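Structure first, commentary second.
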Amino acid sequence: MKKIILSFVAAAFALTAAAAYNPPVQGENLFYLSHPELLTSGNSVAGGGLESIIPASGTINPALIGLEERVSLDLGYTGMINGLSESRGNKKYAQAFGTGILIPTDWANIGAEIQGVFSEFYNMPLGNSIHLKTFAAKQFMDKLYIGVGVGFGYEMEFHKDWALTADIGALYNFGDLGFLKNFRIAASANNLGKTINFGADNAWQGYPSAFTFRGGAAAELIQSEKFVLGLSLDVTTPLFVNLIFDSGIQMRICDFVQINSSWEWNAEEAWDGHNSWIPTIGVIFKFNIGMGKSDFVRKNDWSKSELCPSAAWKNVDGDINMIGLGAVLRLGQKDRSGPDIEME
């Protein structure tokens with residue numbers, strides 16, 4: 001009898017959530033709008049086909065920051081242009097920004113990202129919000145990474161509401177598996193807690209949705225000295241009542257330029273006629289730069305570092321176009337040498 005009652009309560013709970021599920025357009029992607037690399041990465045929970053990790057990657061899966069070996073800083077800005085008329089006070093321009101830091105330590109990798117989204121479009125009413133996400137990730141055993149995150153946000157325009165959430169994620173790197181190189185699988189549980197309330201009388205309409213679960217895989221399909229091709233596939237279930245598929249393809253040419261493209265199918269937005277069928281596209285350049293010759297720089301082995309500027313374009317529902325610009329600074333060079341072994 002107790003099991004029947006519990007099953008009935010669970011079913012009623014799920015039906016209530018399903019009936020109230022109505023996030024704004026792009027509400028599920030709120031944390032990914034501020035940086036070009038996230039706009040075009042296919043929201044990859046496994047780090048994308050070419051394992052491109054920036055501090056903001058922790059908003060997708062906190063375990064991802066465990067893959068980075070260097071101190072990294074990111075900065076991104078996205079301008080959003082609305083094709084609809086300005087009648088009835090509809091805005092023509094919106095924007096988002098983000099900046100963060102990732103610091104590897106002997107104990108764990110830690111990071112933080114602060115992000116703002118300011119969108120008063122009638123056709124994308126995300127509001128004006130500021131969010132802070134913090135993460136920590138650690139490598140367990142040889143190939144397993146686990147990460148956790150805590151986030152706080154406040155929306156000050158439409159809803160005047162706040163968010164307090166937790167994230168948890170894991171990633172397993174298989175290495176080379178047949179024709180799949182650097183093959184990774186990953187999963188994350190995001191927005192565990194209170195999200196921004198979209199409906200005045202119904203807390204289930206929060207966004208990005210509470211209890212969002214994501215799973216995915218990524219790998220490199222072609223590896224050569226001058227060309228690398230990678231692919232990622234992800235499935236997301238916001239609140240268990242929507243289904244989102246993301247795919248991303250990344251190409252690196254001559255270890256200098258990287259081309260990203262991604263495509264998303266959101267069942268809820270497709271049903272309502274708001275899903276864009278046009279893939280996003282972006283480009284990243286890598287420059288090796290000098291950081292000076294001070295004692296501090298030498299001590300941290302930062303004399304040679306990487307600066308990676310990027311740009312991206314994303315279409316939303318035909319009426320809204322997003323143009324993103326950003327950069328990532330990775331201090332030092334990736335360690336490609338094996339461990340030092342001394343014979344006694």
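Along the sequence shown, residues carry numbers from 1. Quick caveat: nothing in here was measured; it's all calculated off a predicted structure.
In terms of modelled atom types and a separation under 3.5 Å, the side chain of S57 and the main chain of I54 share a donor-acceptor contact. Between the D246 side chain and the E264 main chain, no donor and acceptor come within less than 3.5 Å of each other. With hydrogens and angles ignored, the 3.5 Å screen pairs a side-chain donor or acceptor of N275 with a backbone N or O of N266. No donor-acceptor distance shorter than 3.5 angstrom exists from the side chain of Y145 to the backbone of G169, with no hydrogens or angles considered. Between the N173 side chain and the K143 main chain, no donor and acceptor come within less than 3.5 Å of each other. Side chain of E155 to backbone of N128: a donor-acceptor contact under 3.5 angstrom is found. E37 places no side-chain N or O within 3.5 Å of a backbone atom of A327 that could act as its donor or acceptor partner. Using a distance-only test at 3.5 Å, with no hydrogens or angles considered, no donor-acceptor pair links the side chain of D317 to the main chain of D319. Side chain of S209 to main chain of T212: no donor-acceptor pair is present (N/O by atom type, distance under 3.5 Å, no hydrogens or angles). Checked by atom type and distance alone, the side chain of S72 pairs as donor or acceptor with a backbone atom of R70 at under 3.5 Å.
The other members of the hydrophobic cluster of V228, by chain and number, are L50 (side-chain heavy atoms under 4.5 Å, ILVMFWY only). The hydrophobic cluster around F245 extends to V235, L243, W263, W265, W277, counting ILVMFWY residues whose side-chain heavy atoms fall within less than 4.5 Å of a member.
Residues L39 and V25 share a single hydrophobic cluster, defined by chaining ILVMFWY side chains whose heavy atoms lie under 4.5 Å apart. Note on I320 and I323: separate hydrophobic clusters, where clusters join Ile, Leu, Val, Met, Phe, Trp and Tyr whose side-chain heavy atoms are under 4.5 Å apart, directly or indirectly. Residues L325 and I259 fall into different hydrophobic clusters, defined by Ile, Leu, Val, Met, Phe, Trp and Tyr side chains chained together at heavy-atom separations under 4.5 Å. If you chain together hydrophobic residues whose side chains sit under 4.5 Å apart, V45 and Y32 fall into the same group. Linking ILVMFWY side-chain heavy atoms closer than 4.5 Å, directly or via other members, places I284 and L229 in two distinct hydrophobic clusters.
Aromatic ring centres of F174 and Y172 lie closer together than 6.0 Å. H131 and F31 have their aromatic ring centers within a separation under 6.0 angstrom. Within the 6.0 Å centre-distance limit, the rings of F256 and F285 are counted as a close aromatic pair. Ring centroid separation for the pair F97 and Y77 does not come in under the 6.0 Å cut-off.
A salt bridge links R184 with E51: at least one charged nitrogen is closer than 4.0 Å to a carboxylate oxygen. Contact check on E68 versus R330 returns a salt bridge, with a Lys/Arg side-chain nitrogen under 4.0 Å from an Asp/Glu carboxylate oxygen. Under 4.0 Å is where a charged nitrogen must lie from a carboxylate oxygen, and between D161 and K194 at least one such pair does.
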Quick one: side chains of residues 132-142, donor-acceptor pairs under 3.5 Å with protein atoms, not counting sequence neighbours, listed by atom name and distance.
residue	atom	partner	partner atom	Å
K133	NZ	D167	OD2	2.8
T134	OG1	V150	O	3.1
K138	NZ	W107	O	2.7
Q139	NE2	D142	O	2.6

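With sequence neighbours left out, K314 forms a salt bridge (Lys or Arg N to Asp or Glu O under 4.0 Å) with no residue at all. Shown here are the salt bridge (Lys or Arg N to Asp or Glu O under 4.0 Å) partners of D74, two or more places apart in sequence or in another chain: there are none. Residues satisfying the salt bridge (Lys or Arg N to Asp or Glu O under 4.0 Å) test with K92, not counting sequence neighbours, are none.
In this structure, N43 and D234 have side chains that are not in contact, with every pair of non-hydrogen atoms separated by 4.5 Å or more. At least one side-chain heavy atom of T165 sits less than 4.5 Å from a side-chain heavy atom of T195.
When all heavy atoms are compared, the tightest approach of S305 to G332 is OG-N, 2.9 Å. Here the shortest heavy-atom pairing between P238 and Y21 reads CB-OH, 3.8 Å.
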request  = Before giving the answer on side chain to side chain donor-acceptor pair (under 3.5 Å), spell out for S276 and N315 the whole-Å C-alpha distance, their side-chain angles and the decisive distance to 0.1 Å.
outcome  = CA-CA 7 Å; S276 176; N315 174 263; 3.0 Å; yes
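No donor-acceptor contact under 3.5 angstrom links the side chains of Q250 and S52, judged on distance only. Neither side chain, R214 nor S188, offers a donor N or O lying under 3.5 Å from an acceptor on the other. In this model, no donor atom of one side chain and acceptor atom of the other lie less than 3.5 Å apart for T280 and T40. Side chains of Y93 and N82: no donor on one and acceptor on the other come within 3.5 Å.
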